[in-house]
Every structure is written in structure tokens, then in C-alpha cells.
Protein chains: 2
Amino acid sequence: MRMTRKDIISLLQLKGVKPSAARLQIMQICCDSDLPLDVQEVATLLKNEIHLSTIYRTLEKFVAVGILECIDFQEGKFRYEFVRDHHHHVVCNDCGKVADIKDSGIEKIEQSVSLQTGFIVTKHSLELFGLCNKCQRSTHHV
Amino acid sequence: MRMTRKDIISLLQLKGVKPSAARLQIMQICCDSDLPLDVQEVATLLKNEIHLSTIYRTLEKFVAVGILECIDFQEGKFRYEFVRDHHHHVVCNDCGKVADIKDSGIEKIEQSVSLQTGFIVTKHSLELFGLCNKCQRSTHHV
DNA sequence: ATTCTTGCAAAACGTTTGCAATCCG
DNA sequence: CGGATTGCAAACGTTTTGCAAGAAT
């Protein structure tokens, strides 16, 4: 998603986050990517000019104020994605390709779970895994 | 789920896993628990008689042959659960209580994702988070 | 005898923390 | 000035690994 520096400053201010240089850079990276990035990837894209601990702290803050979403592809680490519309992902087990899913219909599941268990459901994590089109056709996993 | 030692030996043999003493103990623990356990919990239940690395290797093997499922409550670690029927969980953010969910209807989502993206979907992870009945009523998070 | 399994120690990896320096309003 | 932000180093918790000893077939 294209976002100008100004857009990002406004967004951060709106959320009550002081738009420091580091935060602007980190946010820019996250907005520019259409895939969820892990901390190492963010650092690399910033040419390691910003310390890992700062990145961790910043991403955590961005999640806390709701401008990033924390995503878990079960890799033993988290990924972060700019929140436009909430959606889910299918990840290719072979090449790592990620496709977005619209209208998963998970709200229905949440409702029925609420009825079934009495829980108030406030959050969910749903990720799908499989084989992308290309990898279905390739031979090395027959 | 109740499982006798004999049941477990049969199960392991059926899956082509040699039923060593350590494996029987670990499997017993996993069967006896109705909640997904993490590695540390398994070790503790085994009174630390079995080394962590062995537990990791064993659980990994059990997942590989399909008798355990690897579950991720986004805690920075994995949990393992004996596979009876496949189901999902709601976890209470407050007290950690876990409730099982039946018939989530996720198959429909998988189908629609398959159509939408061309992926063959082979696996999914779905966990829900919220507040259990008891914690909805308690006062410390008003 | 050979293969598989285990314990141990060490390392790897992602992440968090305390602290001091620095930035910025 | 004073509070927030950053870099650094060190620690942390989970998981993986190499290797040698031990068990099982």
C-alpha cells in the first residue's frame, strides 16, 4: 500500500505514537510490503541501520495501537502486517508463496463458538497451508 | 483419553515407531492430558526423568507420523495434543482456560480458499482467543 | 555388528530487558 | 529541563544439533 511520509506521520499522530525517525522508517517498510514481514526482514530492508531491539519495541507498539497485525505462520517467529482490511493467508509449504484470503467467513465460526462455549471471542488466528499452483505442477515432491 | 500401555504399544507399532520406554512414557502423558501440553510440562509430568532433547525429538516424531498434533497458542512455543478428532480451541486471555470447539466448519473455508487461490490446502491452524465465562464476570479487567 | 535411541553439552534462534546515551518537545 | 526513544550488551526461553554412550535387534 502506497503511503507518503505525511500519511504515515498523520497516522502515527492519530494513534498517539510520536513519529520519530526510526518509527517512520519502520512504518514505511511495513506499508510498502504487501506481505507480512518478520523482524529480521524489516532490519535488512532498513540496511541494519536500526537496532533489532528498537524494531521489536516499535513493532510491538504498532500492534498495540492497532496499525499492525501480528501474524504467525508457525515458523517459530512472528510476522507483522499493515492493517488495511483484516484478512487471512494461505502459505505454500514448498516455495513460501503467500496468497491473501478475502471473506473467510470466520465471523460465523466466532459466533457459533461463543454460543457453544460461553467465551467472548476477541481475537483469532487463522492460517492455511498447502501447495500453490506452481508447486502443484513441479515434480520434486511426487 | 484413557489408553492402556498395550494400546499405546500397538499404536506406535502401527505407525512404525519403535515403542521404547521413553516413548511410551511420553505418549502416555500426552494421551492422559485433555489439553495441549508444552515440552516443559511434559518434562515436569515425567519428573524430569527424560531429557528435554529427547522429548523434543520424540514429539517431533509423533507429529510426523500423525499421532500428535502441534498446536500454537502464540506463546512463543508449541504445544502438543493427542489426535482423536481434529478440533480447535478457544483460549482465555485471562486465566488460560482452554475449551474445545467442535464442528468449526472450517472445511467450507478451505474449499472456498482453494477455489479463490488455486492452492491445494493441506493444513490449517485456527485458534480463537477471548474471555471465558468466569473471567467475564471478574472485576480486574473492567 | 549394526542400527536406533538417549543424554549431555553446547549452540542457535527469536525475543526481551536494564542501562546509559541521546533526542526532542 | 524532563520524559520518551534508541543502541548496546547481556540475558532469556525455546528449540536444535553433534557427539558419544547405551540399548535393542
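Numbered from 1 within each chain, the chains take letters A, B, ... in sequence-line order.
Other residues, nucleotides and ligands contribute over 12 non-hydrogen atoms within 6.0 Å of the CZ atom of R84(A).
Listed by first then second residue, pairs satisfying salt bridge (charged side-chain N to carboxylate O under 4.0 Å, His left out) with a partner in residues 37-49 of chain B read D38(B)-K77(B), D38(B)-R79(B), E41(B)-R79(B), not counting sequence neighbours.
Rounded to an integer number of Å, the gap from CG of N48(A) to P of dT6(D) is 16 Å. Following rounding to the nearest Å, I55(A) (CD1) and dT5(D) (C1') show an atom-to-atom distance of 14 Å. Nucleotide dT5(C) holds its P atom 21 Å from the CD atom of E49(B), rounded to whole Å.
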Next on the checklist: How would you summarise protein contacts on nucleotides 8-25 of chain D per nucleotide, using B for base, S for sugar-phosphate only and - for none, with heavy-atom distances below 4.0 Å?
Outcome noted: B-----SBBBB-------
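Taking the six-membered ring for Trp and thresholds of 30 and 60 degrees, F129(B) and F73(B) have ring planes more than 60 degrees apart, a perpendicular arrangement.
With 3.5 Å as the limit, one finds no donor-acceptor pair spanning the side chains of H88(B) and E127(B).
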Next on the checklist: The test is side chain to side chain contact (heavy atoms under 4.5 Å, CB included); show your working for F62(A) and V83(A) and say whether it passes.
Outcome noted: CA-CA 10 Å; F62(A) 288 170; V83(A) 176; over 6 Å; no
